[in-house]
A.B. asks: 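The structure that follows is given in the form of structure tokens.
Side-chain atoms are counted along with the backbone in the values below, which use heavy atoms only and exclude waters and symmetry mates.
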Amino acid sequence: YQEIERFVPGCEQEERDRAVMLRFLHEHPDALLRENESAHLTASAWVLSPDRTRVVMVWHNLYRSWSWAGGHADGEEDLLAAAMREVTEETGLRRLRPLTDGIFSLECLAVEGHEKRGRYVPSHVHLNVTYLLQSEDAALREKPDENSGIEWMRPGEALRASSEPWMRRWVYRKLIHGSLDARSVDGAGKGEINHKRRAVTCVMALLLRVVTARRTALPLPPSWSTSP
């Protein structure tokens with residue numbers, strides 16, 4: 001849990017969610033296991049293509065939406081390893097490398113009750129950490145028991161493809177704008193990406209507070225255009 005303790009929040013959402021996570025982890029030593037039916041740790045990844053112009057999105061059968069790749073920690077204390085394992089299982093991508101030092105984003109995600117493999121799973125919370133990764137591979141493979149589609153999408157396309165309003169507003173916009181610097185920073189610049197992510201995320205949080213009731217979409221920078 002030290003990685004979550006070291007994480008520096010970039011906005012109010014991350015600050016408050018981090019506090020909830022740390023309190024829950026302190027009170028529940030089994031939080032790494034999904035057997036804790038109230039809440040448990042999960043690890044996700046925002047995966048950039050080899051040329052860093054696209055992100056991988058998975059059609060998730062459970063949520064009926066295009067989403068990032070990720071899954072349960074299932075006892076794995078190395079959450080980066082858990083995220084990379086889930087990416088490989090869900091997409092077939094194997095040659096992955098982190099573009100930041102440590103956690104890139106974190107969020108508490110509400111999960112509605114559902115059936116899985118013939119068994120009812122009560123509503124609960126995923127204490128999720130997200131890593132920014134780059135894939136050296138491009139070929140994708142489906143995992144039929146969990147997803148029925150995988151695509152490389154431009155960031156704007158990924159944002160529009162999600163049918164989960166909360167994820168679009170609080171997570172995917174943050175990840176898109178926070179990962180902009182990854183397109184030009186390599187290796188030794190990992191810390192710089194984290195620093196700029198926090199700055200961009202703070203700006204995004206302020207912008208979201210003044211978005212009108214119609215919530216018009218925030219424009220993406222020209223370099224991340226959705227045009228082919």
A.B. asks: Just to verify, what does Y172 make a ring-ring contact (aromatic ring centres under 6.0 Å, His included) with, not counting sequence neighbours?
C.D. replies: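 Once residues adjacent in sequence are excluded, the partners of Y172 under the ring-ring contact (aromatic ring centres under 6.0 Å, His included) criterion are W46, W68.
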A.B. asks: Are more than 12 heavy atoms from other residues, nucleotides or ligands located less than 6.0 Å from atom CD of E3?
C.D. replies: yes
A.B. asks: In sequence, state the C-alpha distance, the side-chain angles, and the governing distance for E35 and D30, and then conclude on side-chain contact (heavy atoms from CB on, under 4.5 Å).
C.D. replies: CA-CA 8 Å; E35 282 73 19; D30 62 345; 5.8 Å; no
A.B. asks: D78: what forms a side-chain hydrogen bond (donor to acceptor under 3.5 Å, both in side chains) with it, not counting sequence neighbours?
C.D. replies: none
A.B. asks: More than 12 non-hydrogen atoms from neighbouring residues, nucleotides or ligands closer than 6.0 Å to CD on E112, yes or no?
C.D. replies: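 Atom CD in E112 is not crowded, with 12 or fewer foreign heavy atoms closer than 6.0 Å.
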A.B. asks: Run V47 and L96 through side-chain contact (heavy atoms from CB on, under 4.5 Å) and show every step you take.
C.D. replies: CA-CA 8 Å; V47 184; L96 303 163; 4.2 Å; yes
A.B. asks: Would you mind reporting whether L93 and L140 have side-chain heavy atoms less than 4.5 Å apart?
C.D. replies: yes
A.B. asks: Are the charged groups of R94 and D137 less than 4.0 angstrom apart, N to O?
C.D. replies: no
A.B. asks: When you check the gap from the basic side-chain N to the acidic O, do E5 and R18 get nearer than 4.0 Å?
C.D. replies: no
A.B. asks: Assess the residue pair K174 and E107 against the criterion (side-chain contact (heavy atoms from CB on, under 4.5 Å)); give the C-alpha distance rounded to whole Å, side-chain angles, the decisive distance to 0.1 Å, and a yes or no.
C.D. replies: CA-CA 11 Å; K174 175 179 66 172; E107 40 279 318; 3.1 Å; yes
A.B. asks: Do the ring centers of H28 and H40 come within less than 6.0 Å of each other?
C.D. replies: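 Between H28 and H40, the centre distance exceeds or equals 6.0 Å.
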A.B. asks: E142 and P144: which non-hydrogen atoms are nearest, and at how many Å?
C.D. replies: O-CD, 3.6 Å
A.B. asks: Tell me, which pairs form a ring-ring contact (aromatic ring centres under 6.0 Å, His included) where one or both residues lie in residues 132-153, sequence neighbours left out?
C.D. replies: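 Output for this query is empty, none listed.
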A.B. asks: Give the ring-plane orientation class for H114 versus H124, where under 30° counts as parallel, over 60° as perpendicular and anything between as tilted.
C.D. replies: tilted
A.B. asks: Which atom pair, heavy atoms only, marks the closest approach of R141 to I150?
C.D. replies: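 Closest approach of R141 to I150: O-CD1, 2.6 Å.
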A.B. asks: Closest approach of A69 and V58, non-hydrogen atoms and distance?
C.D. replies: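 Taking every non-hydrogen atom into account, CB-CG2, 4.4 Å.
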A.B. asks: Are E76 and R85 close enough for a salt bridge, meaning some N to O gap below 4.0 Å?
C.D. replies: no
